[in-house]
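Step one of this worksheet: look at the structure below.
What's counted below: heavy atoms across the whole structure, side chains too, no hydrogens, waters or symmetry copies. In this text, all values refer to a predicted model and were calculated from it rather than measured experimentally. In what follows, every chain begins at residue 1, and chains take the letters A, B, ... in the order their sequences are listed.
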4 protein chains.
Amino acid sequence: MTPVVSEEYREKKKQEIIEHALVCFAEKGFQAATIDDIVKRSKMSKGSIYTYFQSKEDIYVALMNEKTEISTQHLKEELKKFDSSIEKIRFIFDIFKSQAGRSNWIDRVKVHTEFYLHASRDPDLRSLLIERAKHYYINVLVDVLEEGKMAGEIKTTTDSEIAANLFWSMLDGINFQYSALQDHYPYEDVLEEAKAMYIKSLM
Amino acid sequence: MTPVVSEEYREKKKQEIIEHALVCFAEKGFQAATIDDIVKRSKMSKGSIYTYFQSKEDIYVALMNEKTEISTQHLKEELKKFDSSIEKIRFIFDIFKSQAGRSNWIDRVKVHTEFYLHASRDPDLRSLLIERAKHYYINVLVDVLEEGKMAGEIKTTTDSEIAANLFWSMLDGINFQYSALQDHYPYEDVLEEAKAMYIKSLM
Amino acid sequence: MTPVVSEEYREKKKQEIIEHALVCFAEKGFQAATIDDIVKRSKMSKGSIYTYFQSKEDIYVALMNEKTEISTQHLKEELKKFDSSIEKIRFIFDIFKSQAGRSNWIDRVKVHTEFYLHASRDPDLRSLLIERAKHYYINVLVDVLEEGKMAGEIKTTTDSEIAANLFWSMLDGINFQYSALQDHYPYEDVLEEAKAMYIKSLM
Amino acid sequence: MTPVVSEEYREKKKQEIIEHALVCFAEKGFQAATIDDIVKRSKMSKGSIYTYFQSKEDIYVALMNEKTEISTQHLKEELKKFDSSIEKIRFIFDIFKSQAGRSNWIDRVKVHTEFYLHASRDPDLRSLLIERAKHYYINVLVDVLEEGKMAGEIKTTTDSEIAANLFWSMLDGINFQYSALQDHYPYEDVLEEAKAMYIKSLM
DNA sequence: TATGAATGAGCCTTCATTCAT
DNA sequence: TATGAATGAAGGCTCATTCAT
């Protein structure tokens, strides 16, 4: 067992690399971004990067596994603060809305989208993706919706699974368009409209 | 001096290359797919491909410029068949639904998504993309919605531009999730749900 | 035996190709110039060019074998017009001087130089080159010099072969510098100076 | 952050590549010589060569910028050793004469000639060439000649610039013929004759 | 651990030449 | 004879990864 300090150091270093890699991948795409790009950005040596990660792909996967504000883990905690299901859903939309100005939000969306594409081509990653989509994102929403049905907030004819899928698909689409069109896309307005529409459809 | 081969022959050849390229790009992604992959698939020679296209990117762009069932040009024509705005919107959802089984629909979506990502990084392509998004897709919907408002089908408080953006974003998101998760994604059900939700929100 | 007319036609065509090829080779160099360049310039088809020449190299060699104003064949005839050896030498310098303005003189020099380089690497061409240098160019001068010695115009201590070599080397060098530096090189003045110097050294 | 390898190491490596490239370029010409040829000769990896040079052309230019025994820099130093202008001129001829046996002299001349041709087609390189020809080679000779005129060694009617151009053109031509014809060319004799002729013309 | 030089497989593209029409 | 599409070998260059220091 290596000492804790060393482990912390490793973690800090990995995190640093991941952050710089995110920008590189967002800027050029995973394939087009080179290790040398990350080297330049992170001001680390090429060898160093390979002490912390086994391959470029490894950095990519680590980057996607990273905790973000919208990770389900974190999301679940946050949602506990609300009693109403509708409020919970409102809250999720608002989290996205609050990302609007964030400097690296578009970067994250781009990398996320590309990673989906990438993973859809790799059997192992694809399984992981499906697993995560199903058991994490979908389930978080399904729980909220079921809860809402029980509480009488949401009409019982709603198919939670379908509705949950629609929920995340819609957000994905909005984020994606935003990441591509940026200033030419009315991100916040569309999110607000989507929120109203989605909630209306549940009631 | 009449050309040895007809213009139609050239067009047929280009189309052939594009079709094989679509599969290759979908399978591996634009970057990872090699000209040799296209050579193998199309059973043409490498040189031949370069007689019809200037570069790999050129094939990519041609592929995206291709007329499809969902091209706005075609869409506008089709929409004229309907009187009601709501019916028009229903129709668009149904076009997508009808793609569900189509062999290369997922390929098309993947390539479309990746192209968006790709274009968002290239100033020239990006301008083209924004132009097209705005003046084609958005406007088609805006026209339908405005028409619906005039006809009293759609509530006048609707902001057509926002609603139009939401419409296409939602479809993009649904298609994207479908292309990534495939059998694990209830494409048709989600589309049906989205249709109901969207229409409800307009009334 | 094909009819004479057809042979003339072939010759005319070949000549045409050669002329366009000269410009292409001069502009880009033999290697960098492509058959397509010649196609574009000559407005013939690629296939046509290959009916008259077996290969790019073939055009190159034909181009070098072409009769020019400075070809020894032609030169010998011209020199007969002069009685004095010194006058003959003067005349040769003046031929070069008269090329100064000629539109394609620099092209010819460039192609000539490059062909020398090229031929020096190909055993067959190299033999041809040596043969031609020796038995043609050198001998023309040697004859003139020997004649001059006999006539008492040129001092008998002159080694004709060395002097002949020096003569052509000097001209080669002057032409070469001119072709490279063009307007920045005082071609005519240098030729005049060289003429004076060379003649002085013979007497 | 000290570099892992010293600057001298890098310089040594570059030099090594240049030396092998010289042979390759001389053997086949710049265009025909491939990076793989240099790889084979130098026994380095392809990637390695690209760590030290940006492109094939880059190696070519570096090769031409290299210090040689006949570089003006070096020449100027050497010429200081002589008081008499005539002696200086003699000395330059003798330097060339001393190259006669040198293993890579012919290679150098070939590459030099081809580079001139090459540079005459590239605007940037052409400017460099003209600059260098004028301000270096020509000026070295002009200085010697002017000095000689002042000292009464050289007749004052001589136009130094013309004479200087003739000087280098003549040497270029002699070297070029030698490089092409090799054993079939009486290099040393021609140089000796040229020396006598040139000096005689100055007095 | 840190560094960056070394490696070489792999890719896009070019182009001389062939050949069916 | 004329045309230009088809061919595929070959070449310059990149870049993920390794490894000696």
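Evaluation of the ring-ring contact (aromatic ring centres under 6.0 Å, His included) rule for A/Phe115 yields A/Tyr60 as partners, not counting sequence neighbours. Every residue meeting the ring-ring contact (aromatic ring centres under 6.0 Å, His included) condition with D/His112, not counting sequence neighbours, appears here in chain and number order: D/Tyr116. Residues passing the side-chain hydrogen bond (donor to acceptor under 3.5 Å, both in side chains) test with C/Glu16: none are found, sequence neighbours excluded. Every residue two or more places apart in sequence or in another chain that forms a side-chain hydrogen bond (donor to acceptor under 3.5 Å, both in side chains) with D/Asn65 is listed here: D/Arg132. A search for side-chain contact (heavy atoms from CB on, under 4.5 Å) contacts involving A/Ser127 returns nothing, not counting sequence neighbours. Scanning for salt bridge (Lys or Arg N to Asp or Glu O under 4.0 Å) contacts around A/Glu66 gives A/Arg108, with sequence neighbours left out.
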Using atom types as modelled, flag every donor-acceptor pair under 3.5 Å from a side chain in residues 24-35 of chain D to any protein atom, sequence neighbours excluded.
{"residue": "D/Lys28", "atom": "NZ", "partner": "D/Asp37", "partner atom": "OD1", "Å": "3.4"}
{"residue": "D/Lys28", "atom": "NZ", "partner": "D/Asp37", "partner atom": "OD2", "Å": "3.1"}
{"residue": "D/Thr34", "atom": "OG1", "partner": "D/Asp36", "partner atom": "N", "Å": "3.3"}
{"residue": "D/Thr34", "atom": "OG1", "partner": "D/Asp37", "partner atom": "N", "Å": "2.9"}
{"residue": "D/Thr34", "atom": "OG1", "partner": "D/Asp37", "partner atom": "OD2", "Å": "3.3"}

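Using a distance-only test at 3.5 Å, with no hydrogens or angles considered, no donor-acceptor pair links the side chain of D/Ser48 to the main chain of D/Ser45.
Within the structure, the salt bridge (charged side-chain N to carboxylate O under 4.0 Å, His left out) test picks out no pair touching residues 110-125 of chain A (sequence neighbours left out).
Of the residues in residues 56-65 of chain C, those with a non-hydrogen atom less than 4.0 angstrom from any atom of DNA chain E are C/Lys56. Near DNA chain F, meaning a heavy atom under 4.0 Å away, there are no residues from residues 20-39 of chain C. Within residues 46-53 of chain A, the residues that have a heavy atom under 4.0 Å from DNA chain E are, in order of number, A/Lys46, A/Gly47, A/Ser48, A/Tyr52.
Regarding D/Ile17, its CD1 atom lies at a distance of 11 Å from the C1' atom of E/dA6, rounded to whole Å.
With axes fitted over five pairs at each extremity, the angle between the ends of the helix from E/dA2-F/dT21 to E/dT21-F/dA2 is 0° (10° resolution).
Distances shorter than 4.0 Å separate none of the side-chain N or O atoms of D/Arg10 from OP1 or OP2 on E/dG4.
Rounding to the nearest 0.5 Å gives a distance of 6.5 Å between CG of C/Leu117 and OG of D/Ser179.
Residue-environment remark: CD (C/Gln15) exceeds the threshold of 12 foreign heavy atoms within 6.0 Å.
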